[in-house]
Enquirer: 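Before we start, here is the structure in question, set down as structure tokens.
Within every chain, numbering begins at 1; the chains are lettered A, B, ... in the order of the sequence lines, protein sequences first and strands thereafter.
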There are 2 protein chains.
Amino acid sequence: MDRRRATVRDLRRQNRSGLLGTLFFHGPLSRAELGARTGLSAATVSTLTAELVEDRLVVEAGQVDSDGGRPRALLRVDPGYAHVVGVDLGETGARVELFDLGLRRVATAERPMPSTRPDPADVVRSVVAAVRDLLAESGVDDLLGVGVGVPGTVEDGSRVHAQTIGWDGVPLAELLRAGGLRWPLHLENGAKTLGQAEMWFGAGAGAEHAVIALLGSGVGAMVVTDGATYRGATSSAGEWGHTTLVYGGRGCRCGARGCLEAYVGAEGILDRYRRARSGKPVPRGDDPARLAFLLDAAERSPAAAAVLDETVGYLGAGIGNLVNLFNPERIVLGGWAGLLLGARLLPRIRAATAEHALRHAFERTSIELCTLGPDAVAVGAATLPVAALLARGADPRAHRAAGGRGVLGTTASPA
Amino acid sequence: MDRRRATVRDLRRQNRSGLLGTLFFHGPLSRAELGARTGLSAATVSTLTAELVEDRLVVEAGQVDSDGGRPRALLRVDPGYAHVVGVDLGETGARVELFDLGLRRVATAERPMPSTRPDPADVVRSVVAAVRDLLAESGVDDLLGVGVGVPGTVEDGSRVHAQTIGWDGVPLAELLRAGGLRWPLHLENGAKTLGQAEMWFGAGAGAEHAVIALLGSGVGAMVVTDGATYRGATSSAGEWGHTTLVYGGRGCRCGARGCLEAYVGAEGILDRYRRARSGKPVPRGDDPARLAFLLDAAERSPAAAAVLDETVGYLGAGIGNLVNLFNPERIVLGGWAGLLLGARLLPRIRAATAEHALRHAFERTSIELCTLGPDAVAVGAATLPVAALLARGADPRAHRAAGGRGVLGTTASPA
DNA sequence: GAGCCTTAGTTCAAGTCGCGAACGAAGGTA
DNA sequence: TACCTTCGTTCGCGACTTGAACTAAGGCTC
């Protein structure tokens with residue numbers, strides 16, 4: 001099979017999709033503004049919007065005076081048209097959230113993981129029950145779809161490989177469906193859904209080429225090219241954390257040596273700090289608390305300052321690699337560790353990147369921090385069913401055709 | 001501007017483009033086979049091919065018996081429909097080649113560079129004269145377009161930055177046009193055009209996600225995602241050679257430390273060999289000869305073997321980074337140094353890559369050698385006007401609309 | 001306040017397009 | 001010679017976008 005054929009109806013769907021998308025991301029807009037933005041003629045905008053209004057996807061939203069002519073009638077996507085659920089399946093617990101179509105949070109539920117290596121069946125039961133609770137509590141009885149961010153990679157949109165919780169090839173989509181989730185399911189790596197959220201509503205908004213670089217215990221990246229998430233041949237692209245940065249260097253939990261993650265992942269940073277203190281443990285609490293301690297200590301402790309200096313250098317080189325390879329217009333640093341570091345060190349990280357990236361590309365790249373915080377995995381997951389709706393132009397006939405399989409690889413950013 | 005609108009005529013062009021593309025890459029084919037491959041109905045294939053035949057782009061190419069039915073009439077793109085010129089603007093000389101539409105070489109001319117830091121005006125004069133000579137000698141009087149591979153980066157499809165020959169922002173496209181090249185011009189980095197040639201006719205053929213990794217004096221990569229060349233925000237993506245592999249390591253000509261190029265670029269390898277021989281110069285000739293000497297010496301000299309061992313390790317780590325970040329289905333190793341190394345060391349390079357890449361992605365990636373040799377830059381450059389023709393579906397009306405500007409970012413591989 | 005201007009949005013005829021069905025073409029086979 | 005199989009073409013149909021004409025709804029001027 002070479003190419004998709006294009007029929008005259010695909011045209012309609014494509015234009016409907018474009019219209020709906022601009023309305024979603026830039027609305028409210030008048031019909032005239034819609035025409036200007038999409039390039040469609042006034043006639044087409046008129047018939048298409050009439051159709052969307054009849055389908056209850058779009059509603060009128062007030063009027064705006066024009067300079068001495070007929071006032072503009074504003075249109076916007078009706079947030080109440082449908083609801084979506086986003087699930088953040090993390091290593092310590094599941095967060096299940098209900099959103100309206102505008103991705104405003106309606107209700108939230110949290111469920112702890114039954115163990116550190118949980119039985120998929122238990123997790124599925126817990127998540128399905130949480131979804132039911134949310135729907136009952138909010139009086140919502142139908143969903144557009146359910147997006148799930150998982151702590152690992154997703155194969156064929158269905159099977160989950162997540163080393164840290166001991167899942168290897170768990171057919172999560174089927175299990176959730178069998179458990180009673182009868183709506184379209186969209187599975188995706190949690191870091192990628194977090195990145196998706198940043199692309200839609202955070203620091204990545206408007207960028208066509210961006211890399212969301214996430215630092216937590218692990219290190220990963222989500223690459224957006226031409227406005228679409230870059231997945232590679234088997235959806236495992238963006239494993240930035242396990243690129244070699246220090247050939248022959250520190251051992252990494254992946255088995256290799258010198259991975260970026262071993263240096264700028266939270267555990268790597270704290271371990272280097274521990275060694276700098278000659279083995280004395282880093283005091284107090286969990287990893288985030290310890291990293292914060294390190295950042296504070298740097299003001300008075302040369303050892304701590306040196307560890308941070310090194311970290312900035314490593315991170316600059318790692319980000320420089322992203323700049324050189326992907327030539328993005330924007331790099332967005334996030335993850336809980338990334339945000340802690342970035343809050344204090346961003347200017348120095350930028351300077352370190354400049355030392356390692358090629359001048360031309362670096363000068364055209366901005367480096368910023370995530371704006372949504374680490375809890376955005378669930379929103380990001382919830383964007384997936386919405387993205388699918390926008391991509392198919394909310395054509396009711398295309399709904400069944402998609403058959404519950406997610407439409408991936410589309411609309412990573414409001415273009 | 002959000003999206004391009006789609007009119008009913010774009011439909012036609014799109015389908016025409018698809019048909020022409022499958023015919024170009026997979027022809028000759030019968031109309032029935034075309035329908036099966038493109039998904040178009042027999043009726044549409046019939047009218048579209050009739051149009052293409054009338055436009056003289058497509059010709060009949062014999063018949064094939066079918067099992068007791070009407071024989072298939074085969075169609076193929078007419079190689080004589082148009083000609084294209086590919087220019088390989090290298091550091092030591094320019095190679096100008098004339099091709100037919102099937103990219104069979106018709107004539108060749110070579111011109112040495114006037115100096116190591118040539119005046120753009122001289123180069124332009126020389127290239128334009130060579131093009132005229134080729135046309136006169138072959139009796140060709142019109143061209144579909146001219147593709148130029150340059151030893152540097154291209155900004156906005158027009159300005160060339162090439163450090164090694166001292167060009168910084170040379171408006172090459174305008175100069176060539178002013179010099180008398182009145183056909184559509186397509187400028188592109190030479191490594192990328194070489195990669196393009198491999199994607200169309202070499203080891204990359206058929207791959208949707210691939211990385212062409214090129215080792216010469218310098219080191220670069222061309223990334224193909226979803227069948228299209230990945231350029232990034234400002235067309236400088238793929239600078240693999242200047243990613244940091246050995247943090248704080250050897251100095252690189254780019255000014256940074258520890259770049260991959262400083263270790264696996266030919267100069268880097270030879271310099272390491274020289275040091276291993278305690279400063280004794282590596283004997284005989286130019287760099288390719290020296291590298292070949294090193295490869296031979298490895299069979300008896302432990303010092304040479306050690307240098308190669310290290311090289312394999314560094315290269316494995318570098319390729320592993322490509323695997324982890326891009327998750328390609330295929331990595332194609334080329335460039336003169338890459339081919340020399342690969343010819344003897346490919347199995348070991350694969351093994352070294354396995355040590356650094358994540359298992360999942362590595363197992364789904366094949367690592368192969370370029371099959372076209374280092375002279376394919378000119379063919380690759382010549383693919384650019386052809387790709388533009390295929391992309392616009394050879395619609396005569398779209399010809400003027402493109403206005404001589406190349407249609408880039410399309411059709412990197414026969415999908 | 002009547003008439004006119006400006007801007008927003010709708011309706012309609014016209015021109016395209018792809019597709020399914022019917023049909024013609026071209027060979028083999030009984 | 002009649003029939004079958006496969007390939008390719010023709011034609012009517014429904015669907016699509018668009019420009020132009022037209023209606024809607026306000027401000028402005030005299």
Enquirer: For the helix from C/dG1-D/dC30 to C/dA30-D/dT1, what angle separates the axis at the start from the axis at the finish, each from five pairs, in steps of 10°?
Expert: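 Here the local axes at opposite ends form an angle of 30°.
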Enquirer: With respect to the phosphate group of D/dT6, does any side-chain polar atom (N or O) of B/Arg72 fall under 4.0 Å of OP1 or OP2?
Expert: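 So the side chain of B/Arg72 is outside the cut-off, no N or O lying under 4.0 Å from OP1 or OP2 of D/dT6.
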Enquirer: Atom CZ of A/Arg13 to atom C1' of C/dG18: distance rounded to whole Å?
Expert: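 The distance from CZ of A/Arg13 to C1' of C/dG18 comes to 14 Å, rounded to the nearest Å.
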Enquirer: Base, sugar-phosphate alone, or nothing: which one does B/Ala32 contact when heavy atoms must sit under 4.0 Å apart?
Expert: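 Here B/Ala32 touches the backbone only, sparing every base.
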Enquirer: CG of A/Leu29 versus P of C/dG9: gap in Å, rounded?
Expert: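 One finds 11 Å between P of C/dG9 and CG of A/Leu29, rounded.
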Enquirer: Going by salt bridge (charged side-chain N to carboxylate O under 4.0 Å, His left out), name the residues that satisfy it together with B/Arg105, two or more places apart in sequence or in a different chain.
Expert: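 Per chain and number, B/Arg105 pairs via salt bridge (charged side-chain N to carboxylate O under 4.0 Å, His left out) with B/Glu97.
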Enquirer: If you find the nucleotide of DNA chain D closest to A/Thr44 and the one closest to B/Thr49, which residue's nucleotide is nearer the 5' end?
Expert: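 Counting from the 5' end, the first nearest nucleotide belongs to B/Thr49.
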Enquirer: Kindly write out the residues that satisfy ring-ring contact (aromatic ring centres under 6.0 Å, His included) with B/Phe99, not counting sequence neighbours, or none if the list is empty.
Expert: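 In terms of ring-ring contact (aromatic ring centres under 6.0 Å, His included), with neighbours along the sequence ignored, B/Phe99 is linked to no residue.
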Enquirer: Checking ring pair (Phe, Tyr, Trp, His ring centres under 6.0 Å) for the pair B/Phe201/B/Phe25: CA distance, chi angles, key distance, verdict?
Expert: CA-CA 9 Å; B/Phe201 306 113; B/Phe25 288 112; 7.3 Å; no
Enquirer: Please pick, from C/dC12, D/dT9, C/dC19, the nucleotide with the shortest atom-to-atom distance to any side-chain atom of B/Ala42.
Expert: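 Shortest atom-to-atom distance from the side chain points to D/dT9.
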Enquirer: Can you list the residues that meet the side chain to side chain contact (heavy atoms under 4.5 Å, CB included) rule with B/Thr234, with sequence neighbours excluded?
Expert: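 Result, side chain to side chain contact (heavy atoms under 4.5 Å, CB included) vs B/Thr234: A/Asn327, A/His360, A/Arg364, B/Ser236.
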Enquirer: Give a yes/no on whether any side-chain N or O of B/Ser46 is located under 4.0 angstrom from OP1 or OP2 of D/dT9.
Expert: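 Checking B/Ser46 against D/dT9: at least one side-chain N or O falls below 4.0 Å of OP1 or OP2.
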Enquirer: Excluding sequence neighbours, so at least two apart, what forms side chain to side chain contact (heavy atoms under 4.5 Å, CB included) with B/Arg31?
Expert: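 Only B/Val45, B/Thr49, B/Glu60, B/Ala73, B/Leu75 meet the side chain to side chain contact (heavy atoms under 4.5 Å, CB included) criterion with B/Arg31.
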Enquirer: Whole angstrom is fine here: how far is it from CZ in B/Arg12 over to C1' in D/dA15?
Expert: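 Spelled out: CZ on B/Arg12 to C1' on D/dA15 is 15 Å.
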Enquirer: Round to a whole Å and report the spacing from CG of B/Leu75 to P of D/dC7.
Expert: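 That distance rounds to 13 Å.
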Enquirer: In whole Å, what is the span from the CG atom of A/Leu11 to the C1' atom of C/dC17?
Expert: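 In whole Å, C/dC17 C1' and A/Leu11 CG are 9 Å from each other.
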Enquirer: Could you state the CG-C1' distance from B/Leu34 to D/dC7, rounded to the nearest angstrom?
Expert: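 Nearest whole value for this atom pair: 13 Å.
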Enquirer: Using the test side chain to side chain contact (heavy atoms under 4.5 Å, CB included), find all partners of B/Thr7 that sit at least two apart in sequence or belong to another chain.
Expert: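 Applying side chain to side chain contact (heavy atoms under 4.5 Å, CB included) to B/Thr7 gives B/Arg5, B/Arg9, B/Asp10.
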Enquirer: Using the side-chain heavy atoms of B/Arg9, tell me which of these nucleotides is nearest: C/dC17, D/dG19, C/dT10.
Expert: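 Closest nucleotide to the B/Arg9 side chain: C/dC17.
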Enquirer: Can you pull every protein N or O that's under 3.5 Å from an N or O on nucleotides 26-30 of chain C?
Expert:
residue: C/dA26; atom: N3; partner: B/Arg70; partner atom: N; Å: 3.4
residue: C/dG27; atom: N2; partner: B/Gly68; partner atom: O; Å: 2.7

Enquirer: Report the distance from atom CZ of B/Arg16 to atom C1' of C/dT16, rounded to the nearest whole Å.
Expert: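 Rounded to whole Å, this separation is 15 Å.
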Enquirer: Test of understanding: with side chain to side chain contact (heavy atoms under 4.5 Å, CB included), list the residues that count as partners of B/Asp141, not counting sequence neighbours.
Expert: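 In terms of side chain to side chain contact (heavy atoms under 4.5 Å, CB included), with neighbours along the sequence ignored, B/Asp141 is linked to no residue.
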Enquirer: Mapping A/Leu74 and B/Ser41 onto DNA chain C by nearest heavy atom, which one lands closer to the 5' end?
Expert: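 Nearer the 5' end of the strand: A/Leu74.
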Enquirer: Among the candidates D/dT10, D/dT17, D/dG8, find the nucleotide nearest to the side-chain atoms of B/Thr47.
Expert: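 Closest nucleotide to the B/Thr47 side chain: D/dT10.
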Enquirer: What's the closest nucleotide to the A/Val8 side chain, out of D/dT10, C/dC17, D/dT18?
Expert: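 Among D/dT10, C/dC17, D/dT18, the one nearest the side chain of A/Val8 is C/dC17.
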Enquirer: Under 4.0 Å between a side-chain N or O of A/Asn15 and OP1 or OP2 of D/dT17?
Expert: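 Yes, because at least one side-chain N or O of A/Asn15 sits under 4.0 Å from OP1 or OP2 of D/dT17.
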Enquirer: Counting side-chain heavy atoms from CB outward, which of D/dG8, C/dC12, C/dG9 is closest to B/Ala73?
Expert: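 Between D/dG8, C/dC12, C/dG9, the one nearest the side chain of B/Ala73 would be D/dG8.
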Enquirer: Between A/Glu188 (side chain) and A/Thr193 (backbone), is there a donor-acceptor pair under 3.5 Å?
Expert: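 Answer holds: no.
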Enquirer: Could you state the CG-P distance from B/Asp10 to C/dG18, rounded to the nearest angstrom?
Expert: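 From B/Asp10 CG to C/dG18 P: 11 Å.
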Enquirer: Looking only at atom types and distance, does a side-chain atom of A/Asp100 sit under 3.5 Å from a main-chain N or O of A/Gly102, one as donor and one as acceptor?
Expert: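 A pair under 3.5 Å: yes.
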Enquirer: Give the table of side-chain donor-acceptor pairs shorter than 3.5 Å for residues 78-85 of chain B, with sequence neighbours excluded, one pair per line with atom names and distance.
Expert:
residue: B/Asp78; atom: OD1; partner: B/Gly80; partner atom: N; Å: 2.9

